[in-house]
Amino acid sequence: MAVWGPGGRLGLRGCLGARKLLCPRFQSRGPQGVEDGDRFVMELIAEKGHPFVEELQKIQCSLQDVGSALATPRSSAREAHLKHATFEAGPILELEQWIDKYSRQLPPLTAFILPSGGKSSSALHFCRAVCRRAERRVVPLVQTGETDANVVKFLNRLSDYLFTLARYTAMKEGNPEKIYKKNDLSAAPEALG
């Protein structure tokens with residue numbers, strides 16, 4: 001299979017069951033498909049010996065299923081394609097269980113935290129930001145009925161999972177989390193005026 005083609009140079013891809021176009025469906029797949037970043041995080045985490053490496057590998061497979069669901073528009077895809085690309089609720093429930101498992105081991109969250117906590121934790125915070133962007137881009141497809149609502153639910157829970165995992169990783173590696181502090185504009189130096 002070719003990795004690139006003439007349409008790719010123009011930013012156009014063929015969505016399953018759809019003509020080649022630059023559309024919200026294509027845009028929604030961009031942030032979700034940052035596999036190189038996923039692999040980078042996997043290598044970083046695996047080096048540290050964290051127990052959740054298998055969970056992240058399972059999530060990578062689920063992200064492929066998300067991509068399949070996004071590439072299959074409900075309004076124009078054949079029934080066989082729709083059946084194959086349906087995104088079930090199982091991975092969402094699994095994420096919720098994992099979130100609960102790690103949350104029980106963390107100190108309560110009493111303030112907003114900034115992406116921090118060492119390299120592994122910061123990489124997970126970055127993945128969370130990418131995931132949130134993907135979620136925002138998928139919402140319009142769900143609202144128009146073009147993709148399964150479970151896709152957005154999965155991305156939402158995935159961002160929660162990545163946030164929880166970033167905190168857990170920082171704690172296990174002994175790295176402090178940086179707390180958000182509002183800038184006090186009233187204490188600005190007079191020299192700026």
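If you read the sequence from its start, that first residue is 1, and numbering goes on from there.
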CG of N183: more than 12 outside heavy atoms within 6.0 angstrom? no
Would you mind reporting whether D160 and L95 have side-chain heavy atoms less than 4.5 Å apart? no
Once side-chain hydrogen bond (donor to acceptor under 3.5 Å, both in side chains) is applied, do any residues pair with D65, and if so which ones, sequence neighbours excluded? none
Interatomic distance, CZ@R132 vs CG@L158, rounded to 0.5 Å, equals 10.5 Å
Determine whether a donor-acceptor pair (N or O, by modelled atom type, separation under 3.5 Å) exists between the side chain of N150 and the backbone of F87. yes
Taking the hydrophobic residues Ile, Leu, Val, Met, Phe, Trp and Tyr, and joining any pair whose side-chain heavy atoms are under 4.5 Å apart, which ones share a cluster with F112? L114, Y180
Got a donor-acceptor contact below 3.5 angstrom from the S116 side chain to the K178 backbone? yes
Taking atom types as modelled, find out whether S120 and E173 have a side-chain donor-acceptor pair closer than 3.5 angstrom. yes
Sub-3.5 Å donor-acceptor pair from the side chain of T144 to the main-chain atoms of L141, do we have one? yes
Under the rule for salt bridge (Lys or Arg N to Asp or Glu O under 4.0 Å), what residues qualify as partners of E96, not counting sequence neighbours? R157
side-chain hydrogen bond (donor to acceptor under 3.5 Å, both in side chains) filter on E55, not counting sequence neighbours, yields K101, Y102, Y161
S159 and E135: side-chain contact (heavy atoms from CB on, under 4.5 Å), yes or no, with the steps? CA-CA 9 Å; S159 69; E135 179 186 356; 4.2 Å; yes
Could you report the tightest heavy-atom contact between F154 and L63, atom names first, then the distance? CE2-CD2, 4.0 Å
Point-to-point distance, once rounded to the nearest 0.5 Å, from CD of Q105 to CE of M171: 6.0 Å
Working to the nearest 0.5 Å, report the span between CZ of R128 and OG1 of T164. 8.5 Å
Could you give the distance from CZ (F126) to CG (L162), rounded to the nearest 0.5 Å? 12.0 Å
On a heavy-atom basis, which atom in S121 and which in A166 lie closest, and how many Å separate them? OG-O, 2.8 Å
To the nearest 0.5 Å, how far apart are SG in C131 and CG in L124? 12.0 Å
Main-chain N/O of P107 paired with R167 side-chain donor or acceptor, under 3.5 Å: yes
Partners passing salt bridge (Lys or Arg N to Asp or Glu O under 4.0 Å) against K58 (at least two apart in sequence or in another chain): E94
Do V138 and V66 have side-chain heavy atoms sitting under 4.5 Å apart? no
Hey, does T72 have a side-chain heavy atom less than 4.5 Å from the side chain of T86? no
Would L56 and L165 satisfy side-chain contact (heavy atoms from CB on, under 4.5 Å), going step by step from the backbone distance to the final call? CA-CA 10 Å; L56 292 174; L165 210 55; 4.0 Å; yes
To which residues is F163 joined in a hydrophobic cluster, defined by side-chain heavy-atom contacts under 4.5 Å among Ile, Leu, Val, Met, Phe, Trp and Tyr, whether direct or through other members? L109, I113, I179
Step by step, would you call D148 with V142 a side-chain contact (heavy atoms from CB on, under 4.5 Å)? CA-CA 6 Å; D148 193 320; V142 171; over 6 Å; no
Rounded to the nearest 0.5 Å, how far does NZ of K153 lie from CG of L93? 9.5 Å
